[in-house]
Asks: 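The structure is given below, and queries will be raised subsequently.
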Amino acid sequence: MKFRVRVLFLLLLCLSLFTAMPVAQSAEPDRNTAENADRDEPLQREQWFRHGRMVPGENAADLRFQAHRSRMQMRTVRRFSPAAGLLASTPVGVWTSLGPSPLASDATGIGAQDYGWVSGRATAVAIDPADSTGNTVYAGGAYGGVWKSTNAGPLSASPASVTWRALIDDQPTLAVGSIAVQPQAFNPDPARSVVLVGTGETNSSGDSYYGLGILRSIDGGNNWTLISRDASGTRPFAGLGFSRIAFSSSNPDLVVAGWHGFYSSADGINWSRLNNQPGGLSTFLCPASLTSLACPFYRGEIATVPGRNEMYAWYVDNSDEDGGIWKSVDGGNSWQAIDDSGISDCGDLLGGCGTQQGFYDLELAAVPNGAATDLYAGAVNLYKCTLLPGSNTCNSASNTFLNLTHVYGCLPSLGSIAHVHPDQHGIDFAIANGKAIMYFANDGGIYRALDGFTGLSSGSCGTGNQFDSLNQTLGSMTQFVSFSQHPTDGNTLFGGTQDNGSPATSSSQSSRSWLSINSGDGGYTAIDPNNPTVWFTANTNVSIQRCALGIGCHSGDFGDDLVVSSFSVGGDSGAFYTPYILDPQNSGELLVGTCRVWRGSANGAGFSPLSNSFETGGDGICTGGEMNLVRSLAAGGPKDTPGFSNLIYAGTDGLGPLSPTGGHVWVNADTDVGAGDWFDRTGNINPGGYPVSAIVLDAGDQSGKTAYVAIMGFHVSHVWKTTNAGASWTNLNANLPDAPVNALLIDAGVLYAGTDIGVFASPVVTPNWMEVGPTAGSA
């Protein structure tokens, strides 16, 4: 049976945003390596992200879809009654993208870690087989929707000439896990291509959002319908993620899947487990049921060679241990091991070898190269093995896989052999005019090779592989954790964007291009309002850095001024992204949240605890595993004796009704008194125990006692107001759709709420929410 590219892996992989995943936690990494300074740590990030999106016994994807429908109903009301709910002082115009589009990846300023232009995490890429030139390509983002180009290949010798068009911005979800385009048997025409988009990302990352099903287009992506359940109507797709979908060129029904072992199906409906599994996976350890945690199979990839009875499989266990790459030439009846020692021993001294994040980045593709096969394996790096006919050994000097990218190697310029971003998620190819046109999706976006046969042949530093970044013209798929704005210059912005570091721009109103100023998994940021060239960034756990050069900052500048670490705060660990703020009354002071609140100089000196542990009430060291880690901070009111804010609010994390002991609002109305003078002011505003995601003070109340609080989760009131520092609360939820609220802003009597389905605004006197941004009647 002939497959064009590869067969399906995990057709319906349940994206476990509300079920604990059986993945082993690793020890605290050595952060002195370039890899650990820049690594994703997606498991910890996932836990941080999903806390406010879990509902026992209910499908969170369905609940979010219901909130989406409520939003669409609100738009309909606005369309037919424009004055309904209209806020005269609220801007309701169309949103304008400020980027990053593109983002220059090198944060060092000297090219020491340059992956070219990046756009954000791309999860899928698919060539339209109706275009035999390999120029028509579809790309999918983790939550960046689907983009299409008709000149991504040989038509554009310069990658700056490639054009992209967004396709699903009007759909109820932008989370993309896979894309497939059906081959056309007769008179192929890209305008008639059937495109399937599997929604929901399955990379187990912290912000992997659940899907709603399969989006289907029969006209090359111009129009879409949502397939929300299987053909029987008994299996809903909401909450699932689609890791891979592929069509067979001769029988589109034939697929293969990995699910506690490898399976095949002749019709895509009825599945049978392969009698002989690659690596000897046994039926006893890997039954059809997912109840067995002893199965050494957590994630796998399968690739086939078009036109040949030749198949490859690769898998990792739940500790990311490499289960090996295996080859079958008899339909899976027998398997032979391929030496992949070049992957585990890839030559990068600063990390990135092996399958240490195989649950997150694992990819496999098999490209026919004459009678030989070029086997591509993607993990943190991208590897290549050329197999001659009948051979199970790579045809290279080392007789194993070549490291094509060296993302943390080739000192002193990391990744200089290819300038390709780490963490591979998708590969597709087409053979056109004797060349292998290849596209790669990874955490930086989309890259290409115009001829994988001749252009991707070296594994040695000091040489070069011919990759191009296609992100210079691709729309932004960057996912922000936070951003900060210059106090007087609306052009200057910077933020934390997870694996794409901390980017910034000083021309946001005239250009969408940004610079990366700090590397690593970027978290919360701050700009000193009294000295706006002093910028703060943060990486994971407790790691806050400072630079006094504004837009001229680079990673070395931040690295030289680590102002807050775990050591600074008594050995405490914090949340995956540890929150901190500059004291509004004295920007020379920082407030930092672990499982307690700390205060110290913004230069890193003299940190002392302002509270005991919000988890235990004691003064023991915070481990980072507490339920009630600080999630949000706010401060204000009159100055205390040293000239600092005398009123501090702290909101804590929570798991929702699964374990409703978190999600508290703590208030200290007299910081001069000491660590014990805090009061739990949660009252009845958060019975579900969801994270308190945001707290903002009303600047119009100089006492600091008027504050607004945001609650995540579902089936709860999400926005509350107090005028007496939490002694009592007023419910402002009103007609706000039932979706997690992540951020709040108060401005001129209007309260803005950033939710999982958009931004809404309401007057604070009489709550009446209206969506901010889209024009009346828009989709």
Side-chain angles (χ1 to χ4, degrees), residues 5 97 99-106 114-128 131 133-142 144-168 176 178-179 181 190 195 197 220-221 361 363 365 367 376 378 382 404-405 407 415 417-430 432 435-452 455-456 464-479 497 499-500 503 512-514 516:
V5 181
S97 173
S101 178
L103 168 60
S105 60
D106 179 40
D114 183 4
Y115 304 126
W117 296 106
V118 298
S119 59
R121 185 163 77 249
T123 56
V125 62
I127 302 172
D128 190 338
D131 180 357
T133 67
N135 283 290
T136 302
V137 177
Y138 296 82
V146 177
W147 298 78
K148 179 180 180 180
S149 174
T150 57
N151 67 340
L155 278 176
S156 301
S158 169
S161 301
V162 175
T163 57
W164 296 92
R165 177 169 64 94
L167 298 182
I168 66 167
V176 175
S178 57
I179 303 173
V181 187
V195 185
V197 175
D361 44 25
E363 188 59 33
V367 183
Y376 288 83
L382 184 65
L404 297 178
T405 51
V407 295
I417 186 177
H419 298 290
V420 169
H421 199 282
D423 303 319
Q424 308 304 313
H425 300 298
I427 305 173
D428 204 358
F429 67 89
K435 297 181 179 181
I437 301 169
M438 304 196 65
Y439 297 91
F440 305 89
N442 56 45
D443 271 11
I446 302 295
Y447 295 74
R448 77 175 182 192
L450 289 178
D451 189 1
L456 307 180
N465 288 313
Q466 296 173 11
F467 290 94
D468 294 320
S469 168
L470 300 187
N471 303 300
Q472 186 172 352
T473 56
L474 182 63
S476 179
M477 297 190 295
T478 308
Q479 295 172 289
T497 62
D499 196 35
N500 291 125
R512 293 192 295 175
S513 179
W514 291 43
S516 184

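Basis for what follows: all heavy atoms, side chains included, without hydrogens, waters or symmetry-related copies.
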Asks: Under 4.5 Å between any side-chain heavy atoms of Phe467 and Leu456, yes or no?
Replies: yes
Asks: Measure the CD-OG distance between Gln472 and Ser119 for me, rounded to the nearest 0.5 Å.
Replies: 11.5 Å
Asks: Give, for atom CD of Glu363 and atom CG of Asp428, the distance between the pair rounded to the nearest 0.5 Å.
Replies: 9.5 Å
Asks: Report yes or no: does Tyr439 contribute a side-chain atom to a donor-acceptor pair with the main-chain N or O of Gly134 at less than 3.5 Å?
Replies: yes
Asks: Could you pull out the closest heavy-atom pair between Ala142 and Gln479, with the gap in Å?
Replies: CB-OE1, 3.9 Å
Asks: Apply the test ring-ring contact (aromatic ring centres under 6.0 Å, His included) to residues Phe429 and Tyr376: give CA-CA distance (whole Å), side-chain angles for both, the deciding distance (0.1 Å), then the verdict.
Replies: CA-CA 11 Å; Phe429 67 89; Tyr376 288 83; 8.3 Å; no
Asks: Quick one: closest heavy-atom pair of Trp147 and Gly475, and the distance?
Replies: CH2-CA, 3.4 Å
Asks: What I'd like to find out is whether the side chain of Asn135 reaches to under 4.5 Å of the side chain of Pro154, using heavy atoms alone.
Replies: yes
Asks: Among His425, Gln424, His421, which residue satisfies the side chain to side chain donor-acceptor pair (under 3.5 Å) criterion with Asp443?
Replies: His425
Asks: By the definition side-chain contact (heavy atoms from CB on, under 4.5 Å), identify the one residue from Leu470, Val125, Asn471 that meets it with Tyr447.
Replies: Asn471
Asks: Taking atom CG of Asp106 and atom CH2 of Trp117, what is their separation to the nearest 0.5 Å?
Replies: 11.5 Å
Asks: Tell me which one of Leu474, Thr473, Val162 satisfies side-chain contact (heavy atoms from CB on, under 4.5 Å) with Ser149.
Replies: Val162
Asks: With rounding to the nearest 0.5 angstrom, report the CD1 to NZ distance, Ile168 to Lys148.
Replies: 14.0 Å
Asks: Mind listing the closest non-hydrogen atom pair of Trp514 and Pro100 along with its distance?
Replies: CD1-CA, 3.4 Å
Asks: Tell me the closest heavy-atom pair linking Ala436 and Val367, and the distance in Å.
Replies: CB-CG1, 4.3 Å
Asks: Check Gly415 against Tyr115 and note the closest heavy-atom contact, atom names and distance.
Replies: CA-CE2, 4.4 Å
Asks: With rounding to the nearest 0.5 Å, note down the distance linking CG in Asp361 to CG in Asn442.
Replies: 10.0 Å
Asks: Run the numbers on Leu103 and Ser516 for side-chain contact (heavy atoms from CB on, under 4.5 Å), then give the verdict.
Replies: CA-CA 7 Å; Leu103 168 60; Ser516 184; 4.3 Å; yes
Asks: Taking the side chain as C-beta and beyond, is there a heavy-atom pair between Ser513 and Pro102 under 4.5 Å?
Replies: yes
Asks: Quick one, Asp114 and Ser105 - any side-chain contact, counting heavy atoms below 4.5 Å?
Replies: yes
Asks: For Asn151 and Thr163, which I'm curious about, is there any donor-acceptor pair between the side chains at under 3.5 Å?
Replies: yes
Asks: Can a donor-acceptor pair be found, under 3.5 Å and without considering hydrogens, that links the side chain of Arg448 to the backbone of Ile437?
Replies: no
Asks: Please examine the side chains of His419 and Ser469, heavy atoms only from C-beta on, and report whether any two atoms are closer than 4.5 Å.
Replies: no
Asks: If every non-hydrogen atom of Ile446 is compared with every non-hydrogen atom of Ala441, which pair is closest and at what distance?
Replies: CD1-CB, 3.8 Å
Asks: Are a donor atom and an acceptor atom from the side chains of Thr136 and Asp131 found within less than 3.5 Å of each other?
Replies: yes
Asks: State which residue, out of Val420, Asp423, Ile427, fulfils the side-chain contact (heavy atoms from CB on, under 4.5 Å) condition with Leu382.
Replies: Ile427
Asks: How many angstroms lie between atom CG of Asp468 and atom CZ of Phe440, to the nearest 0.5 angstrom?
Replies: 11.0 Å
Asks: Would the distance check show the side chain of Tyr138 and the main-chain N or O of Ala124 forming a donor-acceptor pair, the cut-off being under 3.5 Å?
Replies: no
Asks: Whether the side chain of Asp451 engages the backbone of Lys435 through a donor-acceptor N/O pair (distance < 3.5 Å, no angle test) should be reported.
Replies: no
